[in-house]
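Single-structure report; data block below.
Side chains are part of it too, since the values below use all heavy atoms of this structure and drop only hydrogens, waters and symmetry mates. Lettering follows sequence order; numbering is per chain, from 1.
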Amino acid sequence: MNHIFRKFPVTVTQQASILSPSLCRTTPSIQHPVWCTASVGDREYRGMPTHGIGRWKYLLPRQAPKKKKDKTQMKQMVSATDTAYGTLNVKVSGYDMTVVEHYSQYIHNLCNRLGIQVAESYALPTKSTEVMLMQEQGNKMYVDAVLKTHQRVVQLSSLNTSLCPIFVDILLKNQPEGVQLLVKEHTEADFQARFKARPELEGLIAQINQ
Amino acid sequence: MVSRSFPQLLTCFNRTAVGSAGCRRFSITPPGRATPQSSTAVERVTSPWTLMAAVCLQRLPVITADCSPIEQRFKQMMQQMELEKSLLSDHELRLMEDAERMSRKQGNEYDSDEEEGHGDQEIMLAQDLEDTWEQRFKSFQPAPRVRADLDKDLTSVQRCLADSLVLLAEQQVGAEKLWLLPQAAWQEGETLRQTAERALCSVTAAGFKATFLGNAPCGVYKYKLPKAARTESSVGTKVFFFKAILADSAPGTAPNTALLWVKKSELQKYLKPAYMMKVDRFILSL
């Protein structure tokens, strides 16, 4: 391949000399150092002006590497002031999962539109209820149906008191059938209730403490 | 104004089946409501406006509104599509298995020992279960959704179960009796919300249990007295509206003033135009 490259500078210099003899006495040979000294292993793009055009990670702020052993911390709870409620939990529960999920999505979108900041939006574990009926003849109970209660929570970081009546009114007017709506403050206990209990760990801690 | 620390609300709204009261069930527990601080010795600028607070008491719909024709067609189409895309449920699989087993039993080469152990299913076939359910469904009588006689009775709180209703009271204002949202004059030392609560209790006297949605008013109406009646100290009245939701509709005592439960579309017949314009803005017709 080298011979092709070597030919090119020669022809270019010839052209240069033809085209502009008056401009420059000495015909400058157009150097293509990359091509002249090209060996098979080198990559030529590193010298191109567009090299590294797609880099973006260097623009991001430096993040400390996340340690896996960090226990999940609760987001800061906002306390109530004179003009705004603190962290509120809007809990939606019902038997029909599609309706419950759609309603919680509706609440989240409504908050985005009204400018209410949503801290978190999560689901609590499903609770199964067995409906047992008494048999017509006899005393035994038999399982009639299994009802599953689904719960979704939308956590609002703060709610303006002037906006509160309007917000609650819209929620109530758009509440679908079969869905229960509950608005209450967020507490530490609510956050801890989401975690699974670890009996072995608690047993070991109790043993250490004793 | 007197500053108060904010009461925290704990509200629970249920949309359950139509209870005896024909109303949505409610619970509200305001935890740790701070006692209102007494007014400090602050120079009060007496304004020429008399302040009043009114309550917009709403009874939320109890049953779903009927679907429009397009909605009905779409609903049917979606149900059909979901039915066609769905998989068979446990009950339907059991039906098929039982039918298959019956057909095999009728056949000559039937060996009951070869059957897998489905003791319960042989005694109580899935078809029998379906029959018992069918019987129970036929014996169930749902309450009628729309009762024409109740719908026409404007004073009944159980009318028009599919719409939200607003309470109107006929009150003496100045020289004439007008239909308006129940209101009461503000007195020294109480918040406007307490005035609204007082308005509800005193004007209706019917023992309505209401949950107020917040401390902030949702609307205001200004009324300037005619030039002849204006004095230095009273230019007019300002009425602040507070929203509340009806929790329990069982009236304890008979009301002493005339009360009406009206839909938003019927408000125009009873309210004055200027008043109606302001009230219209905050009553949601959802």
For [X], is the [atom1] atom crowded, meaning more than 12 foreign heavy atoms sit under 6.0 Å from it?
X: Tyr122(A); atom1: OH; result: yes
X: Arg147(B); atom1: CZ; result: no
X: Arg73(B); atom1: CZ; result: no
X: Gln72(B); atom1: CD; result: yes
X: Phe137(B); atom1: CZ; result: no
X: Gln268(B); atom1: CD; result: no

### Message
How close do Pro165(A) and Gly214(B) get, counting heavy atoms only, and between which atoms?
### Response
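That closest heavy-atom pairing would be CG-CA, 4.2 Å.
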### Query
What is the minimum heavy-atom distance between Lys173(A) and Leu284(B), and which atoms define it?
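Answer, listing the atom of Lys173(A) first, then Leu284(B): NZ-O, 3.4 Å.
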### Message
Taking side chain as everything from C-beta outward and backbone as N, CA, C, O, which of these in Ile170(A) sits under 4.5 Å from a heavy atom of chain B? Side chain, backbone, both or neither.
### Response
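Contact with chain B: backbone and side chain both.
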#### Entry: Contact origin within Asn89(A) toward chain B - heavy atom pairs under 4.5 Å
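It is neither, since no heavy atom gets under 4.5 Å.
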### Message
Just so I know, are the side chains of Asn215(B) and Thr161(A) near enough to count as touching, which here means a heavy-atom distance under 4.5 Å?
### Response
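The answer is no, as the side chains (C-beta and beyond) never meet within the 4.5 Å cut-off.
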### Query
Could you state the interatomic distance from OG (Ser164(B)) to CG (Asp169(A)), rounded to the nearest 0.5 Å?
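Output value for this atom pair is 8.0 Å.
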### Query
In Å, rounded to the nearest 0.5 Å, how long is the span from CG of Leu172(A) to NZ of Lys243(B)?
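Reported value, rounded in 0.5 Å steps: 10.0 Å.
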